[in-house]
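As structure tokens, the structure follows; a few thoughts come after it.
Heavy atoms only: backbone and side chains are in, while hydrogens, waters and symmetry mates are out. Given the structure is predicted, the values throughout are model-derived calculations rather than measurements. Chain letters run A, B, ... following the sequence lines, proteins first and then strands; every chain starts at 1.
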Amino acid sequence: MATLPNVASLDTITAAWANSVIAEVNASNQRHADGPQGFLGVAMVTSTQSNISTEADITGLAVTISPPANRRLRIELKLGIYVQAASIVDLRLKAGVAQVQQWTSGLGVGFAVVTFMWYGYSIGGAVTYKITGAATVAPGINTTAGATTPAILLVEDIGKQ
Amino acid sequence: MATLPHVNPLDLISDTWANSVIDAINALQTATTDPTSRVARGKVGLATVTANQGGITTLADITGLTVTFASVSGRLYRVFCETYMQHSVANAVVNLQLLDGAGVQMQSSQVTCVNTSQPIRISCTYIIAGTGASLTYKARAVIATAGTITVVATPSAPSYLVAEDIGAI
């Protein structure tokens, strides 16, 4: 970032000085536009969903965004689960129908918290990001969301691609 | 935000041109201070802990994992906490809770600790709208199965609680 020159007197205001001001303002505007634009959308779920073994949408954990193309996106998931029978558990992040991120673990009976992030970029137009769950052994997993322990899917613009 | 035209060396610098510069600078300043600006402003609070806290048999605030920040109405904040916990009993359940300044639980993460000698990493995320008031968030370790919890932290594996401005609502 350039330091703009001071003007000694009105007589010293030249086109070169004016253009240095213009160049810096334009550069600042561009840095601003290229930087993180922040929050795009969030889904918070406060109710449980039971017996997920065959892949199913996690109800309510979906966010639709419409950023301009070529923005860098960060998507963060926080979801509590209870594994009812030892199995391989899958949580998937999908953009429309296409999977873009996956969390897979072999888990025993008990509680777990799934947190992951995905870094991608926008291509322009509306896209819905959603979470699906699956487990290899029935009755599968229950989500453990509640009013004081919400599941969260957060989408942020973190800058120009 | 418009891109300003350069000045032709032969042009006179007019009040119109000067005002367009002023307008552009004002717009830039507004973008960084106006609550309705989408731009994320980043960290507003951070607490880091690098020492163990043991002997928790019911529940306890995690010493040092508290942040207080001046919230701005119209802004959205992400509060994130992460730590290791270890339980004295195999296959026991622990909770990491995120509480507000009044002690009201806002979020929690519940995990089964399989192994008594291996701590497990737990995290909590919460999204909160600014109110214009000072907001406090703190982390608490809660036991769900009888025994003893140790919150495990070292300089190379610190526990932390961070609050970030993530943009306009």
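With a threshold of 4.5 angstrom between heavy atoms, B:Phe80 approaches chain A through side-chain atoms but not through N, CA, C or O. Looking at B:Arg41, there are no atoms closer than 4.5 Å to chain A (heavy atoms on both sides), in backbone or side chain. For a residue to count as touching a neighbouring chain, one of its non-hydrogen atoms must lie under 4.5 Å from one of that chain's; by this rule A:Thr144 does not touch chain B. For chain B, the nearby part of A:Glu156 is the side chain; its heavy atoms alone come within less than 4.5 Å. Using a 4.5 Å cut-off between heavy atoms, A:Leu40 touches chain B through its side chain atoms alone. Contact annotation for B:Ala144: neither backbone nor side-chain heavy atoms come within less than 4.5 Å of a heavy atom of chain A. Residue contact with chain A, scored on non-hydrogen atoms closer than 4.5 Å, involves the side chain of B:Val93 exclusively.
Scanning all heavy atoms of the two residues, the minimum distance from A:Phe39 to B:Ala168 falls at CD2-O, 3.4 Å.
Once rounded to the nearest 0.5 Å, the distance linking CD1 of B:Ile166 with CG of A:Leu154 reads 4.5 Å. The line from CE of A:Met44 to CD1 of B:Ile127 is 6.5 Å long, rounded to the nearest 0.5 Å.
Among B:Ser109, B:Gly167, B:Cys113, the residue making the largest number of heavy-atom pairs under 4.5 Å with chain A is B:Ser109. Across B:Ser108, B:Ala40, B:Ser123, B:Ser37, the residue that shares the most heavy-atom pairs under 4.5 angstrom with chain A is B:Ser108.
When the shell of 6.0 Å around CD1 of A:Ile88 is examined, it contains 12 or fewer heavy atoms from other residues, nucleotides or ligands. The neighbour count for A:Lys94 NZ, taken as heavy atoms of other residues, nucleotides or ligands under 6.0 Å away, is above 12. For B:Leu46, the CG atom counts as densely surrounded, since its 6.0 Å shell holds more than 12 non-hydrogen atoms of other residues, nucleotides or ligands.
A:Thr148 places none of its side-chain heavy atoms less than 4.5 Å from the side chain of B:Gln107.
For B:Gln110 and A:Thr149, the side-chain atoms include no donor-acceptor pair closer than 3.5 Å.
With hydrophobic clusters built from ILVMFWY side chains whose heavy atoms lie under 4.5 angstrom apart, B:Leu99 does not share a cluster with B:Leu65. Cluster membership check: A:Phe111 does not share its hydrophobic cluster with A:Leu79, using side-chain heavy-atom separations under 4.5 Å among Ile, Leu, Val, Met, Phe, Trp and Tyr. Under the 4.5 Å side-chain heavy-atom criterion for Ile, Leu, Val, Met, Phe, Trp and Tyr, B:Ile169 and B:Val44 are members of the same hydrophobic cluster.
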**Prompt:** Going through the checks in order, is the side chain to side chain contact (heavy atoms under 4.5 Å, CB included) test met by A:Thr115 and B:Glu82?
**Reply:** CA-CA 11 Å; A:Thr115 56; B:Glu82 189 171 57; 5.7 Å; no
